[in-house]
Amino acid sequence: MKIVVNGEERILATPVTVARLLDELGMTGKRVAVEVNREIVPRSRHGEFKLSDRDRVEVVVAIGGG
Amino acid sequence: MNAPVTPNAADALVIAGRAYRSRLLVGTGKYKDMDETRAAIEASGAEIITVAIRRTNIGQNPNEPNLLDVLPPSKYTYLPNTAGCYSAEDAVRTCRLARELLDGHDLVKLEVLGDQKTLYPDIPQTLQAAETLIKDGFKVMVYTNDDPIVAKRLADMGCVAVMPLAAPIGSGLGIRNPYNIRFIVEDAKVPILVDAGVGTASDAAFAMELGCDGVLMNTAIAQAQNPVLMASAMKKAIEAGREAYRAGRMPRKQYGSASSPLGGTIS
């Protein structure tokens, strides 16, 4: 299946949870927030929330800004 | 002997029910590196710091220092902003992501821009986003233009602070319309902070002398030749301007008025 993460397409061999995706991206344990199809997926649900084909995922952090 | 005067006693800045000693709020962008960011913010004495919410750089160096580690939320009040948003929808999404990122923290700086050249706010979109965010439980500090009617509307809606620009974001042009800032301050029901346009310490002092409750700045410090020294200058300017405002300036006179007694001069 195909999903879009931060604007870039990714092909996944098998369906995964948000937690698994973050792991694949090397972001386990990092302070991030996740949105799927414009809805927040709370950290407490990362382990159970399964991504579906064509999902649009945003993974954000806090950076310097004014 | 008289008790020592403590000019700042009981002169706290209260935003959304929380008191702050510092009336200087600073951004964390445009610094050379994290060390300079931390040093400048420390020198500024700021307690509230703004941050931006952005996509993670996938595949970036995993050991890159994280802003949240360098400037711990236990020490600073974070004010996530919606910088770069040009629609109410994107601004609301950004605030919800920030709240998730910061474990339910609900104080946000709303800015919805209308134009890339001037970075002036889009007021209809700002009003729309403010309404949604307030209904959703956010405490909204809102960036706006220096229109007193709009400022009043935003305060009436329930924004916890209204933050008119002094000049375009990052321009350093200083307070372009002090009369409007004064109108906004005179009518204020919530704290009024000048946000954007300050260039140097005298601009910050001037904003405070006009009666503003605080000033939010980023570029004036980050793009100074010596950001840490400018941060220290801004801290003093904010304090001096506030004390001058509280002290009440002397009336302006057209002609000279001698400071020494006129009697008893030698002849």
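Since the structure is predicted, the reported quantities are computational estimates derived from the model, not experimental observations. Chain letters run A, B, ... following the sequence lines, proteins first, then strands; residues in each count from 1.
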ask   = Is the backbone N or O of B:N57 less than 3.5 Å from a side-chain atom of A:N6, with the two atoms forming a donor-acceptor pair by type?
value =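 No: the side chain of A:N6 does not pair with the backbone of B:N57.
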
inquiry  = Is it the case that atom CD in A:E48 sees more than 12 heavy atoms from other parts of the structure closer than 6.0 Å?
reply    =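 It does: A:E48 CD has more than 12 such atoms within range.
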
query = Just wondering, more than 12 heavy atoms not from A:E8 lying within 6.0 Å of its CD?
reply =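 Check fails, neighbour count at 12 or below.
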
key: Proximity of residues 54-62 of chain A to chain B, residues having a non-hydrogen atom under 4.5 angstrom   =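 Within residues 54-62 of chain A, the residues that come under 4.5 Å of chain B (heavy atoms only) are A:E58, A:V59, A:V60, A:V61, A:A62.
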
inquiry  = Is B:I53 in contact with chain A via its backbone, its side chain, both, or neither, using a 4.5 Å heavy-atom distance?
reply    =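 For B:I53, heavy atoms of backbone and side chain both lie under 4.5 Å from chain A.
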
query = Measuring heavy-atom distances to chain A, does B:L102 have an atom under 4.5 Å in its side chain, in its backbone, in both, or in neither?
reply =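 B:L102 touches chain A through backbone and side-chain heavy atoms alike.
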
request  = For residues B:A52 and A:G64, report the shortest heavy-atom separation together with the two atoms involved.
outcome  =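 Residues B:A52 and A:G64, closest heavy atoms: CB-O, 4.1 Å.
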
ask   = Which atom pair, heavy atoms only, marks the closest approach of A:V32 to B:T56?
value =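 Looking at all heavy atoms of both residues, the shortest contact is CG1-CG2, 3.9 Å.
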
key: B:N66 and A:K30: CA distance, side-chain angles, deciding distance, side-chain contact (heavy atoms from CB on, under 4.5 Å) verdict   = CA-CA 9 Å; B:N66 184 327; A:K30 304 261 183 229; 5.7 Å; no

query = Using non-hydrogen atoms only, which part of A:I63 is less than 4.5 Å away from chain B: side chain, backbone, both, or neither?
reply =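 The answer is both parts of A:I63.
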
ask   = If you measure from the Lys or Arg side-chain nitrogens to the Asp or Glu carboxylate oxygens, is any gap between A:R31 and B:D69 under 4.0 Å?
value =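 Looking at A:R31 and B:D69, the cut-off is not met.
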
inquiry  = Using a strict threshold of under 4.0 Å (side-chain N to carboxylate O), is an ion pair present between A:E35 and B:R96?
reply    =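 Salt bridge: no.
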
request  = Drop me the distance from A:R43's CZ to B:E100's CD, to the nearest 0.5 angstrom.
outcome  =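 So the gap between those two atoms works out to 5.0 Å.
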
